[in-house]
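Following: one structure in structure tokens, then a few remarks.
In this text, all values refer to a predicted model and were calculated from it rather than measured experimentally.
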Amino acid sequence: MKAGIVGLPNVGKSTLFNCLSNAKAQSANFPFCTIEPNIGVVNVPDPRLEKLEALVQPERVVPATVEIVDIAGLVKGASKGEGLGNQFLGNIRETDAILHVLRCFDNDNVVHVDGSVDPLRDKETIDMELQLKDLETVEKKLDKVKRAAKTGNKEAQKEEAVLLKLKGGLESGHSVRAIEVETDMRNEFVTTLQLITDKPVMYVCNVDEASAVSGNEYVERIKKAVSGEGAEVVVLAVGTEADITELETYEERQMFLEDLGLTEPGSAKLIRGAYKLLKLETYFTAGVKEVRAWTIRVGATAPQAAGVIHTDFEKGFIRAEVISYNDYVAFGSEAKVKEAGKMRVEGKDYVVKDGDVMHFRFNV
């Protein structure tokens, strides 16, 4: 599961990517600096993991991770191949969620591709290019479906109605995620098209250091504009975050954050937000050898969760021994949880809850 960082050139995408992944994507003051998409595997900050580590004192700790892709800057006309449009759009299509970076700071030393700072215009530029690409996909599909619909095929007629609704919405400047389609119809006819503007999105407002805590007027404009999209807005001083990652010790980083009035780096909130955006959650295994966070999709069953560790665990699943995270912390150890009768035994139909501490019994 991958989240792709998108935006116009020079809005702070590669600097953000470097903060998140500690990878060294080129970051320069001109468009098209990042040509190949850079991919970083990022640890998901989770205080629960630290608490389990303190209780169990294992030999090692392994956090959950999420994959972040830094995609080169899109420009006006990308849907028609302008800039490196086709390649970029292809890279976005391969991601599962979008982190849309918007420049919400003034700085005469950093060139803006359109000559002035206007995050709302920038958002609309990117949206339009992505919508045009989706419109192209929908129209191609519609041409095929119309022929089948004319023969009286009931399924094709249903699909045609949905596609016409998408076409109308896209032509009116709406992203697919904002077009109302019944859930079963969306699952059957829309999801399979893998449309770019149907992907969940988080808007990352890149602000100056002074606006890191409470944002600024640019941020307020963006929040107002996206209020109907059901999208999250994160405020991040990307340049400042880059400075924080350069500091050597945890203590130095905390002092820097306190001076800014922050309790944690904004990048930590962004990573957790991306994790949720991808509809991912975490369960834990806890033993003296290892305390580990495992990533599953929301709604995963116990056998599916076991399969994340090893496919044999899923194939030969017998049962799961489950402790809720809160019980584990309240009683302080697995042994004490068992004594209190708080460990549950769950079968194949159990839907794993975020934070469950689990042990699997299997037979292959």
Side-chain angles (χ1 to χ4, degrees), residues 2-17 30-35 37-38 68-105 110-138 166 169-179 194-207 218-219 221-236 238 270 273-274 277:
K2 292 187 287 195
I5 301 176
V6 306
L8 290 175
N10 284 2
V11 295
K13 298 183 311 303
S14 295
T15 309
L16 173 62
F17 176 80
F30 57 88
F32 305 131
C33 174
T34 313
I35 293 173
N38 294 282
I68 305 285
V69 186
D70 178 24
I71 296 164
L74 277 168
V75 292
K76 219 174 272 183
S79 57
K80 299 282 182 276
E82 287 294 320
L84 298 168
N86 293 329
Q87 183 186 335
F88 297 171
L89 290 161
N91 292 333
I92 297 169
R93 199 181 290 285
E94 288 166 18
T95 64
D96 303 287
I98 294 172
L99 307 178
H100 187 162
V101 182
L102 295 162
R103 177 172 167 177
C104 295
F105 66 90
V110 181
V111 208
H112 191 289
V113 74
D114 286 331
S116 62
V117 177
D118 184 344
L120 204 50
R121 177 202 58 210
D122 297 352
K123 175 193 175 300
E124 285 165 1
T125 297
I126 297 282
D127 283 352
M128 187 175 72
E129 295 305 326
L130 301 183
Q131 287 160 7
L132 286 168
K133 201 65 187 170
D134 279 349
L135 183 59
E136 196 182 292
T137 305
V138 167
L166 294 186
L170 287 163
E171 285 172 341
S172 301
H174 299 295
S175 292
V176 173
R177 74 182 77 85
I179 300 169
Q194 290 186 299
L195 299 167
I196 299 169
T197 66
D198 195 30
K199 296 179 191 295
V201 65
M202 178 192 290
Y203 294 99
V204 182
C205 293
N206 182 11
V207 299
Y218 290 133
V219 174
R221 276 191 238 163
I222 291 299
K223 283 181 177 176
K224 192 176 175 185
V226 306
S227 59
E229 283 188 40
E232 197 173 335
V233 177
V234 171
V235 178
L236 207 64
V238 174
L270 188 144
L277 201 63

Separation of Asn10 CG from Asp122 CG (nearest 0.5 Å)
11.0 Å
The reported gap from CZ in Arg103 to CG in Leu8 (rounded to nearest 0.5 angstrom) is 10.5 Å
d(Arg221 CZ, Cys104 SG) to nearest 0.5 Å is 9.0 Å
Looking at every heavy atom in both Leu16 and Val238, which two are closest together, and how far apart are they?
N-CG1, 3.5 Å
Under a 4.5 Å cut-off applied to non-hydrogen side-chain atoms, are Phe105 and Asn206 in contact?
yes
Apply side chain to side chain contact (heavy atoms under 4.5 Å, CB included) to Cys205 and Val233, showing your working.
CA-CA 7 Å; Cys205 293; Val233 177; 3.8 Å; yes
Keeping Lys199 on the side-chain end and Thr95 on the backbone end, is there a donor-acceptor pair under 3.5 Å?
yes
Do Asp134 side-chain atoms and Leu195 backbone N/O form a donor-acceptor pair below 3.5 Å?
no
Do Leu170 and Thr197 pass the side chain to side chain contact (heavy atoms under 4.5 Å, CB included) test, and can you show the C-alpha distance, the side-chain angles, and the key distance before you say yes or no?
CA-CA 9 Å; Leu170 287 163; Thr197 66; 4.0 Å; yes
What are the two closest non-hydrogen atoms of Lys133 and Arg93, and how far apart are they?
CG-NH2, 3.7 Å
Would you indicate whether the side-chain heavy atoms of Leu132 and Glu136 approach each other to under 4.5 Å?
no
How about CD on Gln194, more than 12 heavy atoms from neighbouring residues, nucleotides or ligands closer than 6.0 Å, or not?
no
Nearest 0.5 Å, what's the CG-CG distance between Leu99 and Leu236?
10.5 Å
Gap separating the CG atom of Leu130 from the NE2 atom of His100, nearest 0.5 angstrom:
8.0 Å
Once salt bridge (Lys or Arg N to Asp or Glu O under 4.0 Å) is applied, do any residues pair with Lys123, and if so which ones, sequence neighbours excluded?
Asp127, Glu229
Apply side chain to side chain contact (heavy atoms under 4.5 Å, CB included) to the pair Ile5 and Val204, showing each step before the final yes or no.
CA-CA 9 Å; Ile5 301 176; Val204 182; over 6 Å; no
Value rounded to 0.5 Å, distance of CG in Asn91 from CD1 in Ile71:
5.5 Å
Using every non-hydrogen atom in the two residues, find where Ser227 and Lys224 come nearest and quote the distance to one decimal.
OG-O, 3.0 Å
Starting from the C-alpha separation in whole Å, work towards a yes-or-no answer on side chain to side chain contact (heavy atoms under 4.5 Å, CB included) for Leu102 and Ile222.
CA-CA 9 Å; Leu102 295 162; Ile222 291 299; 3.7 Å; yes
Closer than 3.5 angstrom, by distance alone: can the side chain of Asp70 be matched with the main-chain N or O of Phe17 as a donor-acceptor pair?
no
Can you check whether Met202's main-chain N or O pairs, donor with acceptor, with Glu232's side chain at less than 3.5 Å?
no
Is the shortest side-chain N to carboxylate O distance from Arg121 to Glu124 below 4.0 Å?
no
So do the side chains of Val138 and Val176 get within less than 4.5 Å of each other, counting heavy atoms only?
no
